[in-house]
Structure formats: structure tokens, C-alpha cells
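Here the structure comes first, spelled out in C-alpha cells, and everything after it is commentary.
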Amino acid sequence: PGEQALTYSGDWVEDIIAGRGPLGDEVARCMSSSRRRRQPHRRLRPPSERELPADRAWNWLRFLEGEAWHRLGDEGEIAENEGGGVGQQLKKASVQECQTACESMGACSSFTYCLDKPQSADTTCFFKNKEFKGNEAVRPYESCTTYYWGPPPNATGRRKREKEVPDDLPEWTNLDIPGKGDISKAEQLLTSWSCLPAFGSTYTRNWSTCHFRNIYFEGENKSLNGNFVVHTVKGHEGATRVSELRGMWISLNTAGSASPVPPQIAFQEHSTLDEFLAYLGRRGRGRVIDHRGLTLALSPTYHFNVGHGLFDGLYPGFVSLMQHGLERVAFRVFMVNGWEHAVERIVPGMFAHVEELFGSIGGLGSLRRKVACAAAESSNHRFEELVMGVGLNAAKMDWNVNFTLGACRQLDACRAFRSHVHRSQGLPLPAPARRSPPFRVSFVQNKRFPDLEQLVHALKSEARPGGDLDGFELNYVAWSPGKARNDMQTGNFTRHMEIIAATDIHVSGGGTGQMYQTFLPDGAVHLALGENREDTQGFMEEYMTEGAPYLKALYYPRIQPHERFPEATVMKGLLIRAKDMLVEGLDGPVPVNNNLSPVGKVWKAYGFWALRDRIPGGVQALASGTLANHEIVSEMHIGNSFPETFVYIGLQRYVDRKISISLPNKPETCLLDGLRASFDRAFPEFGANGKGGWFGTGGRITP
């Protein structure tokens with residue numbers, strides 16, 4: 001297993017994009033005959049990321065609650081009350097295939113998975129309508145096990161619902177409005193600004209980011225809505241530049257991914273400074289709430305989730321702060337958007353929790369638009385300094401054809417974000433990862449791997465003096481309150497960052513559980529487990545590691561049907577390989593493509609071939625690393641999916657299993673076949689059992 005650890009040189013991606021490497025001629029021939037290649041490029045205003053197939057909507061809502069597939073009890077145990085049967089039995093299927101089949105049935109919430117005979121490969125799934133919470137009674141039943149969709153067994157720590165506008169509003173300081181004729185002080189309260197092109201793609205829009213001084217916000221108590229106000233005076237600085245500002249494209253969220261959110265800005269031009277002061281005196285009974293220091297205005301997407309909040313919301317805003325030279329300045333976050341109350345009922349308290357986290361990282365707290373509008377005496381606010389406008393640098397929402405996180409490599413923004421986060425928590429910057437024992441390993445709790453804690457306990461026996469893992473310190477960590485039974489979980493973000501800063505090897509499945517990896521020390525190894533499924537094995541947010549050239553990536557090897565995953569022997573080999581990578585150290589940035597898995601490499605190569613003749617600038621424009629997949633009408637825009645949903649399409653083994661993959665645009669089969677075969681010919685040892693390649697093609701293109 002250690003010899004099969006999936007770390008690559010990156011040469012295959014570069015070679016195959018250039019038409020070199022195994023089967024390079026065949027790949028090029030596929031595209032030369034493609035009709036799509038000759039289509040004119042079209043820019044795309046993409047659909048909402050919330051668009052989901054109707055039969056999966058229930059699953060999405062329950063997923064928001066932190067629910068997932070879990071085993072009830074141990075293997076060989078079934079629920080005392082299994083509930084009623086649903087649908088037809090499924091024969092000769094893996095646990096993952098049974099999960100997928102259950103999800104496609106409207107009334108299925110659990111299933112009993114049975115081996116037809118002990119130690120047999122023949123299996124049967126019995127689908128049930130019974131819902132479980134994880135603490136129900138079980139009974140022994142040879143060769144059968146109950147699986148259910150729901151909260152993890154014995155889960156605790158659920159948050160309480162919060163009010164978007166709390167009963168007790170903050171105590172604010174009023175602006176000292178100068179008296180009539182106080183020209184010098186009045187001039188200091190006029191709005192001024194400086195704007196820059198926001199870093200990121202300009203393919204659909206020339207997005208801007210602006211640093212304002214003395215921008216105002218006027219709210220309305222009843223509607224709890226409002227708008228920013230730019231105040232200028234004829235003959236003074238700013239008055240002649242208003243038309244320029246009006247013409248700029250500014251977005252408060254991930255610019256253009258689901259849909260841009262432009263700030264509502266009103267422009268008030270006054271004839272004289274005294275007229276300006278009189279206006280301030282009339283509004284809100286002469287009271288203007290004053291917010292000193294720097295503010296970052298955002299309208300983040302899906303910020304009920306910590307991962308989305310940090311990297312689809314706060315991080316793009318931080319990149320804009322960097323562009324204005326403000327990355328080391330404390331700031332408050334002004335949340336211009338509101339809560340989705342249907343989601344707040346499902347994941348109570350999470351919007352408030354993430355906003356509190358934003359305020360902690362910024363250092364000056366956070367402010368909601370509705371709270372700003374609800375002030376009893378005045379809903380008029382003045383922000384001493386405020387930055388608004390982001391580029392296409394979000395993680396999931398703006399992921400690009402290079403499969404990397406925007407601005408991380410070009411601006412070193414991830415390292416700067418990491419530094420700011422640690423400083424905001426009063427912590428020193430993380431020291432580089434250790435190159436000698438003890439090597440500290442953090443296994444992160446993930447709902448996709450309910451047995452991970454037991455695996456860690458089993459591996460600890462090998463970490464004793466003289467064992468194969470001698471010199472390793474193994475810890476099981478759960479970031480969510482109540483999901484671990486040790487002192488590695490406090491639910492406190494500062495403690496989370498302390499743990500991450502001391503981690504050399506970070507082991508996690510996909511999803512939110514792995515989103516702290518950006519905060520790891522230089523030279524640390526991220527060991528990705530991916531999703532707990534064999535049919536479309538993938539690793540989800542690979543752009544996080546590929547976008548952080550101060551980290552090294554290691555991916556779990558190809559798994560086989562019915563294989564226990566993750567398996568202790570394989571994990572031991574991977575940890576030994578990770579130790580070797582730590583000892584090697586980090587001599588400069590990790591090269592482009594080195595932190596991608598086989599799935600990520602084929603996805604990236606496909607994107608370059610599919611789009612090279614359909615956008616101005618071709619390969620060079622794609623290599624710039626900023627074109628977001630959602631900006632062009634193509635098969636690369638796959639909505640809320642990940643590349644593993646895409647790169648396996650058309651393989652015979654998956655056709656035989658009748659796996660349904662729904663994507664808005666289908667791939668070029670010839671190109672995808674050629675790339676998979678090329679990769680497998682280059683790396684046959686990465687297949688199941690060490691042969692045939694990751695995709696099982698044996699290096700041959702399907703007839």
C-alpha cells in the first residue's frame with residue numbers, strides 16, 4: 001500500500017494537454033472530429049446551485065442537518081423494529097449501491113444489507129421505510145446489518161434556533177455631526193473611494209472591488225431593508241467621478257456563480273456642505289450610528305455551512321482586502337444578505353454561528369443588515385472605511401478549469417488568509433510541519449466514515465514503541481460539538497486552529513470536514529479519503545489542496561467492490577508514505593498538478609482539450625487559472641456536482657450497474673475514453689489490485 005500512494009509528478013497532465021504522452025495522438029484525433037470544438041463560444045449566466053432533481057430534494061434538506069448514511073449497531077446486527085418494506089430487493093450490490101438505490105425511492109429511509117451466505121460475495125438489500133435516530137435497539141442476526149440515513153449514533157450538541165433580529169440590539173456610538181459652517185469637518189465626512197479590478201476572471205464581466213471612506217447605509221425599520229448611500233458635494237472631490245462608479249460591476253457575493261449580488265447604492269449630490277450637514281441632521285432624528293475602523297461588506301452563499309461560509313464567502317472578500325493592502329487590518333463583516341428561514345429551521349443556529357465566526361476572524365465583530373435596519377431611533381449608519389466587491393475566487397462556487405482555489409497560487413492568498421486567521425485568534429503562526437518524530441496525525445470525524453474512530457483505535461496499537469507506526473501520534477478529532485469523546489473537541493474555533501497548527505498529517509473524507517486544511521502548517525500532508533463509495537470514487541474539494549502549494553497531497557488508493565474502506569493495512573502504508581513526504585521537506589511551492597488525484601488530473605486535462613478552441617486565448621488563457629467553469633456554456637459546468645460524477649461516464653462497468661448520472665451537459669465520449677486510457681497506460685499500478693489503472697481500462701480505448 002505504501003508503494004501505491006497516489007502522489008504524482010504532474011508530467012502526465014502537461015504532456016497530454018500538449019498532445020504528447022500515452023495515446024496523445026488518439027486524444028487529439030478525438031477533438032479534431034468534434035462538432036462542439038467548432039461551436040462559437042457563448043458566455044453563460046448559470047442556473048442556481050440550488051437546482052436539484054426532485055427525487056433528491058429530500059436528501060439535500062436532510063443533508064443540511066448533518067445527516068448521512070450510518071450503520072445501526074455493529075455488523076451482524078439489525079434493528080429490532082425494521083419497519084415496512086419498500087420497493088424491490090436489490091441483488092449483488094455493494095452497500096454504496098444500496099444507499100444510492102434507497103435515495104432514489106421517495107419512501108426509503110433505511111435498508112437491511114445481507115450476505116446470502118456467510119463470507120459470500122452474493123448480497124441482498126431489503127429496503128425499509130423506517131427512520132432512525134441512531135439510538136434504537138438492535139438484535140444479532142447473522143450476516144445482516146441495518147443501515148440508515150440520519151444523524152450519527154448517539155449524536156448530541158444540536159444548536160438552538162436563533163432570531164435574525166435579536167431582542168437586545170447592540171449599543172452603538174453616534175456620529176458627531178458638525179455644526180453649520182464647520183467646513184473642514186464636513187469635508188472629512190464626504191464619501192470618497194478608490195477602485196481596482198477584482199482579481200479573477202474577466203471573461204463575463206470586468207468585476208471591481210472598491211475601498212470607500214465615509215460610505216453611509218440608510219435602513220428602513222419596517223421592511224428591514226436598505227441601501228448604501230454615496231454623499232458628494234458639487235465642486236468637491238468625488239462629485240465628478242460618480243458616473244465612473246455607477247458604471248462599475250460590483251458584486252457582494254461570489255461574483256456571478258449562482259448570480260451576482262450588486263450592492264444597492266444611492267447617490268446623493270448636495271449643492272453645498274451645509275446642505276449635506278442638514279441632510280445628516282434630518283435623517284434619523286439627527287442620529288447617525290458610527291462604525292469606526294474597517295468593514296467588509298459581503299452577501300455570502302450558503303453561509304449556514306462553515307466550509308461554504310469560510311471559502312465561498314469570507315475568503316473571496318479577504319482577497320479583495322489583500323488587493324487594497326488591508327490584509328493585516330482588523331475588520332468587521334457587514335452581512336448584507338439575510339437568512340433563509342427554511343434552512344434555519346433545519347440547521348438551527350448555524351447562520352448565527354458562522355457570522356460569529358466571521359466576526360471573530362475579522363476582529364471587530366459582525367453586523368447583519370436587518371439588525372442595522374432595526375435600530376429604534378435611527379437606522380442610518382456611517383462606515384469610516386468599507387470594502388465591497390469580490391472577484392471569482394470562491395471555492396465551490398467559482399472553481400476553475402485548473403481545479404484550483406482562486407488567488408491561492410497567484411497571490412499567495414491562502415497563506416495570507418491562514419496568517420490572518422491565526423493572528424485573529426491570538427495564536428502564533430504555525431511552525432513548519434515536522435521532519436522528524438513525533439509525527440502528529442489528526443483523523444477528522446466525517447459522517448461518510450462512521451467507523452473511523454474505531455480504525456484510529458486499531459492503528460494506535462501499531463504506534464507503540466517497536467510497532468510499524470512507532471513515532472506517530474494518532475488523534476481522532478471531531479470539529480462539531482458532541483461528536484467525539486475526547487479532549488480533542490471543545491467546539492471552540494481557537495482550539496480548532498491550535499489543533500490544526502500542530503498537525504503534520506491531516507486525514508479526512510470529503511466535504512466540510514476537510515475544509516480546515518488551508519490552515520495547516522507549511523509542508524503538512526493532507527491525506528484525502530474522499531467519498532465512501534467504490535462506484536464513482538473521488539475526493540470532492542481537490543481545489544483546496546491543489547490551490548495551496550505549501551501543502552502536499554496523498555490520496556486513498558483505488559478500492560474494490562465489497563472492500564472494507566478505509567482498511568487498516570492500507571491506512572498504515574499511507575501513513576508511512578506520508579512520513580516519508582514529511583522527511584523530504586518542502587523546497588519551494590509544490591508544482592502545479594502535483595496535488596491532484598487521478599480523477600482531478602483527468603478532469604483538468606478534459607477541460608483544457610474541450611475548451612481550448614472555444615475561448616479566446618486557448619490554452620494560455622486556460623492556464624492563467626482564473627476562468628470559472630460556470631462562465632461558459634460547456635460540459636465543464638456541472639452545477640453542484642464534483643468531477644467524480646463526470647469522469648466515470650461511459651465506462652462499461654458502470655453502464656452494467658445502471659448507475660444514473662444526471663448532468664446538464666454530456667461529455668465528449670471519445671475524448672473521455674482517450675484520457676482515461678492514457679492515464680491508465682501511464683500508471684497501470686494505480687488500479688485495484690495494482691493493475692489495469694485507476695479507471696480499469698488497461699490502457700486501452702473502449703471500442
Side-chain angles (χ1 to χ4, degrees), residues 1-8 68-69 94-96 403 441-456 458-459 462 468-469 472 474 476-477 503-511 513-515 517 520 524-546 551-582 594-603 642-645 647-648 679-680 683-696:
E3 294 302 316
Q4 295 183 33
L6 304 185
T7 52
Y8 303 109
W69 284 105
S94 66
V95 171
Q96 290 76 27
F403 210 15
V441 186
S442 292
F443 289 82
V444 179
Q445 181 270 340
N446 191 293
K447 57 193 172 189
R448 295 168 179 83
F449 299 96
D451 299 331
L452 188 60
E453 188 171 12
Q454 292 90 319
L455 173 65
V456 175
L459 290 173
E462 299 282 354
D468 289 343
L469 297 180
F472 288 82
L474 309 181
Y476 179 74
V477 182
T503 296
D504 303 308
I505 304 172
H506 180 256
V507 185
S508 178
Q514 69 175 352
M515 296 303 284
Q517 61 179 277
L520 288 165
V525 177
H526 172 63
L527 202 169
L529 301 179
E531 288 196 273
N532 190 3
R533 55 189 310 131
E534 174 272 332
D535 49 8
T536 54
Q537 184 181 355
F539 302 93
M540 300 180 70
E541 298 93 349
E542 292 186 44
Y543 41 72
M544 299 300 294
T545 322
E546 174 65 6
L551 303 180
K552 296 184 177 184
L554 195 57
Y555 292 93
Y556 197 91
R558 196 70 172 102
I559 57 177
Q560 304 177 66
H562 313 297
E563 178 183 328
R564 185 179 182 85
F565 173 50
E567 198 273 328
T569 303
V570 175
M571 282 301 307
K572 184 169 67 173
L574 288 170
L575 291 174
I576 292 171
R577 173 61 185 137
K579 178 195 72 173
D580 294 340
M581 295 166 70
L582 290 170
N594 268 29
N595 279 345
L596 291 176
S597 77
V599 171
K601 287 174 182 287
V602 168
W603 164 261
F642 287 97
E644 45 265 35
T645 310
V647 300
Y648 294 98
F679 187 88
D680 285 350
F683 305 103
E685 68 274 19
F686 294 122
N689 294 323
K691 56 185 178 181
W694 182 273
F695 300 97

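In this structure, T503 and S442 approach most closely via the heavy-atom pair OG1-OG, 2.8 Å. The two residues G538 and V599 have their closest heavy-atom pair at CA-CG2, 4.4 Å.
Remark: the backbone N or O of F695 is paired with a side-chain donor or acceptor of D680 at under 3.5 angstrom. When atom types are taken as modelled, the side chain of E542 and the backbone of F403 share no donor-acceptor pair closer than 3.5 angstrom. Looking at Q537, its side chain does come within 3.5 Å of a backbone N or O of P557 through a donor-acceptor pair. In this structure, K552 contributes its side chain and M581 its backbone to a donor-acceptor pair below 3.5 Å. A donor-acceptor pair under 3.5 Å is formed between the side chain of E644 and the backbone N or O of M540. Proximity of a side-chain donor or acceptor of R558 to a complementary backbone N or O of W694 within less than 3.5 Å is detected. In this structure, the side chain of E541 does not engage the main chain of M544 through any donor-acceptor pair within 3.5 Å. The closest donor-acceptor contact from the side chain of N446 to the backbone of G511 lies at 3.5 Å or more, if one exists at all.
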Practice task
Any chance you could lay out the side chain to side chain contact (heavy atoms under 4.5 Å, CB included) test for V444 and H506, step after step, and finish with the verdict?
Solution key: CA-CA 8 Å; V444 179; H506 180 256; 3.6 Å; yes
Exercise for the section: Begin with the C-alpha distance, continue with both residues' side-chain angles, and end with the deciding distance and a verdict on side chain to side chain contact (heavy atoms under 4.5 Å, CB included) for L529 and V507. Expected result: CA-CA 7 Å; L529 301 179; V507 185; 4.1 Å; yes
Practice task
Please report the C-alpha distance between F539 and F642 in whole Å, then the side-chain angles of each, then the deciding distance to 0.1 Å, and finally whether the ring pair (Phe, Tyr, Trp, His ring centres under 6.0 Å) criterion is met.
Solution key: CA-CA 9 Å; F539 302 93; F642 287 97; over 10 Å; no
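Note: F565 CZ to E531 CD = 9.5 Å, rounded to the nearest 0.5 Å. L469 CG to M571 CE: the interatomic distance, rounded to the nearest 0.5 Å, is 9.5 Å. Here the CG atom belonging to L551 is positioned 8.5 Å from the NE2 atom belonging to H526, to the nearest 0.5 angstrom. Distance check: L575 CG to F472 CZ gives 5.5 Å after rounding to the nearest 0.5 Å. Atom OG1 in T545 sits 6.5 Å away from atom CD in Q514 (nearest 0.5 Å). Note that OH of Y555 and CG of L596 are 6.0 Å apart. Values are rounded to the nearest 0.5 Å.
Listed by chain and number, the residues in a side-chain hydrogen bond (donor to acceptor under 3.5 Å, both in side chains) with E546 amount to none (sequence neighbours excluded).
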